[in-house]
Amino acid sequence: MSQPIFMSENTEPENTEEAESRVGQLRIVRKGQSRYLVNESHSPIGRLRYSTAAFGKNYVSSVPTYEIESIPARSGVKIEEVDRYEDGLIMWQIGEVDWEDGTEYRGTMKLTEKKGTAVNWSSVEREKIEIGEPTPPQKIDDEGEE
């Protein structure tokens, strides 16, 4: 039995409509040669955990998990530089968000890079901390092909 690509430490409790709405306002945005995680909402985030992976034709890269603290409303945090040699589909998954007003999200919200945002946002510098060990790269077998 294969293990999930993105690992989750939580049991995904019921999220409130407010939490679902707010996590839907998170974006990955490319600006120049940098990628930012943007909080488009009016609510500051106290803590956020996300994972990232690259998917190719027959592989999945290693999957590290990061934590970022204190993301203001309508702000973006630089999460990585664009690798000019990367190929395949790059995805990010939000696993946990704790907003400063006590609202919490636990789940698996998948994000892909967007060309822009619906709001004006400002860049803030925050440290991203790697949590645990990344899952190792995986080869994907073409099931059903003979």
Under a 3.5 Å distance rule, please check whether [X] uses its side chain to pair with a backbone N or O of [Y] as donor and acceptor.
X      : Y     : value
Arg126 : Ser70 : yes
Ser21  : Ala19 : no
Asn39  : Gln25 : no
Ser51  : Val63 : no

Decide yes or no for [X] and [Y]: does some side-chain heavy atom of the first lie under 4.5 Å from some side-chain heavy atom of the second?
X      : Y      : value
Val82  : Arg35  : yes
Val124 : Pro72  : yes
Leu37  : Leu48  : yes
Tyr59  : Pro137 : no
Asp98  : Arg106 : yes
Val97  : Leu26  : yes
Ser62  : Pro136 : no
Tyr50  : Ile79  : yes

Let me confirm one number: the [atom1]-[atom2] distance from [X] to [Y], rounded to the nearest 0.5 Å.
X      : Y      : atom1 : atom2 : result
Gln138 : Ile140 : CD    : CD1   : 7.5 Å
Glu40  : Asn120 : CD    : CG    : 10.5 Å
Gln33  : Asp83  : CD    : CG    : 10.0 Å
Glu96  : Thr108 : CD    : OG1   : 12.0 Å
Glu20  : Thr103 : CD    : OG1   : 12.0 Å

- Message: Once salt bridge (Lys or Arg N to Asp or Glu O under 4.0 Å) is applied, do any residues pair with Arg22, and if so which ones, sequence neighbours excluded?
- Response: Glu18, Asp101
- salt bridge (Lys or Arg N to Asp or Glu O under 4.0 Å) partners for Glu81, two or more places apart: Lys78
- Partners of Glu69 by side-chain hydrogen bond (donor to acceptor under 3.5 Å, both in side chains), sequence neighbours excluded? none
Distance-minimising heavy-atom pair for [X] and [Y]:
X      : Y     : value
Tyr105 : Ile94 : CE2-O, 4.0 Å
His42  : Pro44 : O-CD, 3.8 Å
Ser123 : Tyr36 : OG-CE2, 3.5 Å
Glu113 : Trp92 : N-CZ3, 3.7 Å

Side-chain heavy atoms nearer than 4.5 Å, only ILVMFWY residues, links allowed to pass through others: does that put [X] and [Y] together?
X     : Y      : value
Val77 : Met109 : yes
Val29 : Met91  : no
Ile28 : Ile90  : yes

- Message: Is there a side chain to side chain contact (heavy atoms under 4.5 Å, CB included) between Tyr66 and Glu80? Walk through the geometry before answering.
- Response: CA-CA 12 Å; Tyr66 298 101; Glu80 64 187 37; over 6 Å; no
- Item | Member of Glu104, Glu67, Glu100 meeting the side-chain contact (heavy atoms from CB on, under 4.5 Å) criterion with Arg47 | Glu67
- Message: Are more than 12 heavy atoms, taken from residues, nucleotides or ligands other than Glu133, located less than 6.0 Å from that residue's CD atom?
- Response: no
